[in-house]
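Below is one structure, written out as C-alpha cells, with a few remarks after it.
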Amino acid sequence: MSGRFKGFKRWIFAGCVLVLGIVLTAAFYWRYDILRTTLDPKVPFQTYDPPPAPNYADPAAWALLPRGATGMDRAADVFFVHPTTFDGGRDWNAPFDQPKADRYLNRVVLPNYAAPFSRVGRIFAPHYRQASLYTFLTLRDDAREARRFAYGDVRDAFRAWRDHYDQGRPLVLVGVEQGGSLLARLAAEEIAPDPALKARLAGVYLIETAVPADEYGPAATIPACARRDEAGCVVAWASLTDGDFQKAQEWLGRSLTWRGGDQLENLNGRKPLCVNPLLGAQTDERAPARLNLGSVNATGLEWGARPAFLKRQVWAQCENGLLHTGRPKSASLRDTGSWTDRRKVDGFNLFWADIEADAAARVAALGKQEPPVIRTPAP
C-alpha cells in the first residue's frame with residue numbers, strides 16, 4: 001500500500017511539473033501579448049478623461065528651463081521634445097508630472113539625448129501629456145487619438161517659448177522618437193509658414209524618427225540636410241543594428257506619419273528620411289567607425305557633467321531609408337533593462353559627440369548667411 005501511495009505521489013508531482021511547464025511556456029510565448037494587455041487603458045479614448053494640462057508659465061511644466069544667467073552665453077535656443085517615458089496602464093496620455101516617467105526622463109533621456117545640445121544653446125524641454133508606450137504597440141484609432149492629443153501640449157509649449165523666452169537667437173529643434181514625430185508636425189505648422197522663424201532655424205533633429213523622405217526634398221521649405229555646413233535643414237534617422245530584420249520591419253511597417261494636418265497614417269511603402277549622423281548628410285555612403293567622434297552611455301550622469309567618450313564604436317550607413325550601424329564594441333552600449341525599457345529609446349547614444357559637433361556646425365553656418373529679406377504683405 002505504501003509503495004502504491006508513493007507511486008501515486010510521484011505521478012501527481014510529475015503531473016504538476018508538466019502543467020507548470022505548460023503554463024510557463026505559454027506565458028513566455030505570449031508574454032508580449034500579456035504585457036500589452038496590462039498596458040492597455042481598456043477605455044475608448046473618446047470617453048477617456050485626460051490628465052490636467054501643464055501651465056507653461058510655471059517652471060514646473062518644464063523638464064529643462066534656463067534660470068537666471070544660466071546659458072546666457074550660448075549661441076542658440078534649443079527646443080527639445082523628449083521621447084516616450086511613460087509605459088501606460090490606466091492612462092492613454094501620461095500626467096505631465098508622472099513620477100516614474102519623470103525619473104526615467106531625468107536619469108536616461110536628458111543626459112543621453114538633450115545634453116549633446118547643452119553647449120550649443122539654452123535648452124527648453126517641456127513636460128507634456130505624452131502618448132503612452134502602449135500607443136506604439138497597437139495601430140488602434142484610440143492610440144492615434146492619444147498622439148494627436150499630445151501634439152497640442154507641444155504646440156502650446158513652443159508658443160509659450162516664443163511669448164516668454166524668445167530673444168531672437170538662432171533656433172535648434174530636437175525631437176526624439178515620439179518627440180521627433182510631434183516635432184515634425186510642429187516644424188511644418190509653426191516654422192515653415194513663418195519667414196522670420198524660418199530665417200533663424202539652424203537645424204531640425206528628428207532622432208530615432210521615421211518621416212517620409214519625399215516630404216524633405218531639395219525644394220521643400222525645410223529640406224533634408226545635404227552637408228554638415230548647411231543650416232535651416234532636417235537631420236533625421238531611424239536606426240537599427242545591421243542584420244536586425246525585425247527592427248527594420250517595425251520601422252517600416254508600424255511607423256506612423258502626419259498627413260494632411262492631424263491625420264496619422266502608415267508609411268505605406270514610402271522611404272524614410274535618413275541623414276547619416278556621422279557625415280551630416282543625406283547619403284547612402286558608408287561612414288567608417290573612425291569617423292565616430294564619441295558614443296556614450298550617459299544614463300545616471302549628473303546634468304552638466306561632461307561624459308567620457310568612447311570613440312570609433314560604430315560605422316553607419318543609410319540603406320533603404322534606415323540607418324544601419326555596426327554592433328558597438330563596448331558592452332555599455334548595448335540594450336539592457338526590462339521589456340518596456342527595451343521598447344523605448346536606447347539608454348545610451350551612439351552619436352553623442354557627433355550630434356554635438358553637427359549642431360554647433362549648423363549654428364555657425366546660420367551665422368555666416370546673409371539675413372533674408374522678409375517682406376511684410378501689403379495691407
Determine whether [X] and [Y] make a side-chain contact, defined as any pair of heavy atoms from C-beta on separated by less than 4.5 Å.
X: Gln317; Y: Glu285; answer: no
X: Ile123; Y: Ser118; answer: yes
X: Asp358; Y: Pro277; answer: no
X: Pro54; Y: Asp153; answer: yes
X: Glu215; Y: Arg259; answer: yes
X: Val109; Y: Phe80; answer: yes
X: Leu137; Y: Arg343; answer: yes
X: Pro111; Y: Glu302; answer: no

Take a 6.0 Å sphere around [atom1] of [X] and say whether it holds more than 12 heavy atoms from other residues, nucleotides or ligands.
X: Lys311; atom1: NZ; value: no
X: Arg306; atom1: CZ; value: yes
X: Arg140; atom1: CZ; value: yes
X: Asp229; atom1: CG; value: yes
X: Arg312; atom1: CZ; value: no
X: Arg327; atom1: CZ; value: no

Arg129 charged N/C atom sitting above Phe96 aromatic ring, 6.0 Å / 45°: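 Ring-cation test returns no.
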
Aromatic Tyr104 / basic Lys344 pairing, under 6.0 angstrom, 45° off normal: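 Yes, Lys344 sits over the ring of Tyr104.
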
Which atom names give the shortest non-hydrogen contact between [X] and [Y], and what distance separates them?
X: Lys198; Y: Ile222; answer: CE-CG1, 3.8 Å
X: Gln130; Y: Ala150; answer: CA-CB, 4.2 Å
X: Arg228; Y: Leu278; answer: NH1-O, 3.7 Å
X: Ala75; Y: Pro170; answer: O-CD, 3.2 Å
X: Gly180; Y: Thr209; answer: CA-OG1, 3.4 Å
X: Asn266; Y: Gly253; answer: ND2-O, 3.1 Å

Distance-only side-chain donor-acceptor flag, Glu177 / Tyr113, under 3.5 Å: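 Distance-only check fails for Glu177 and Tyr113.
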
Positive for side-chain hydrogen bond (donor to acceptor under 3.5 Å, both in side chains) with Asn112, one of Thr299, Asn349, Asp346: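 When side-chain hydrogen bond (donor to acceptor under 3.5 Å, both in side chains) is applied between Asn112 and each of Thr299, Asn349, Asp346, only Thr299 qualifies.
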
When you measure from the side chain of [X] to the backbone N and O of [Y], does any donor-acceptor pair fall under 3.5 Å?
X: Glu230; Y: Ala226; answer: yes
X: Asp102; Y: Asp97; answer: no
X: Asp244; Y: Lys247; answer: yes
X: Gln167; Y: Arg169; answer: no
X: Asp166; Y: Trp161; answer: no
X: Asn276; Y: Ala316; answer: yes
X: Thr135; Y: Ala143; answer: no
X: Arg147; Y: Ala131; answer: no
X: Ser255; Y: Leu252; answer: no
X: Ser181; Y: Gln178; answer: no

Would you call [X] and [Y] a salt bridge, using N to O less than 4.0 angstrom?
X: Asp262; Y: Arg144; result: no
X: Asp194; Y: Arg162; result: yes
X: Glu189; Y: Arg185; result: yes
X: Glu145; Y: Arg148; result: yes
X: Lys271; Y: Asp214; result: no
X: Arg122; Y: Asp77; result: yes

With hydrophobic residues grouped by side-chain heavy-atom distances under 4.5 Å, do [X] and [Y] end up in a single group?
X: Leu105; Y: Val154; result: yes
X: Leu301; Y: Phe348; result: no
X: Val275; Y: Ile191; result: yes
X: Leu279; Y: Trp315; result: no
X: Leu264; Y: Leu139; result: yes

Residue pair Ser330, Gln313: steps toward the side-chain hydrogen bond (donor to acceptor under 3.5 Å, both in side chains) verdict: CA-CA 7 Å; Ser330 173; Gln313 286 292 306; 4.8 Å; no

Derivation of the side-chain hydrogen bond (donor to acceptor under 3.5 Å, both in side chains) call for Ser239 and Glu208: CA-CA 6 Å; Ser239 71; Glu208 300 300 349; 2.6 Å; yes

Point-to-point distance, once rounded to the nearest 0.5 Å, from [atom1] of [X] to [atom2] of [Y]:
X: Leu201; Y: Thr221; atom1: CG; atom2: OG1; value: 11.5 Å
X: Leu171; Y: Leu197; atom1: CG; atom2: CG; value: 6.5 Å
X: Lys42; Y: Asp142; atom1: NZ; atom2: CG; value: 13.0 Å
X: Asp49; Y: Arg90; atom1: CG; atom2: CZ; value: 10.0 Å

Full working for side-chain hydrogen bond (donor to acceptor under 3.5 Å, both in side chains) between Tyr128 and Arg155: CA-CA 10 Å; Tyr128 66 101; Arg155 178 201 59 214; over 6 Å; no

Intermediate values then yes/no, side-chain hydrogen bond (donor to acceptor under 3.5 Å, both in side chains), Asp91 and Tyr48: CA-CA 8 Å; Asp91 287 295; Tyr48 168 63; 2.7 Å; yes

Matching residue for Tyr205 among Phe351, Phe117, Trp237 - test: ring pair (Phe, Tyr, Trp, His ring centres under 6.0 Å):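 Output: one option passes, namely Phe117.
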
Qualifying residue for ring pair (Phe, Tyr, Trp, His ring centres under 6.0 Å) with Phe79, from Tyr56, Phe158, Tyr165: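 Checked Tyr56, Phe158, Tyr165 against Phe79; only one passes ring pair (Phe, Tyr, Trp, His ring centres under 6.0 Å): Phe158.
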
Aromatic centroids of Tyr134 and Trp92 separated by under 6.0 Å: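 Ring-ring flag for Trp92/Tyr134: true, centres closer than 6.0 Å.
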
Parallel, tilted or perpendicular: ring planes of Phe309 versus Trp352, cut at 30 and 60 degrees: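 It falls in the tilted class, 30° to 60°.
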
Parallel, tilted or perpendicular, as decided by the 30° and 60° cut-offs, for the rings of Phe124 and Trp62: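 Answer is perpendicular, since the angle exceeds 60°.
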
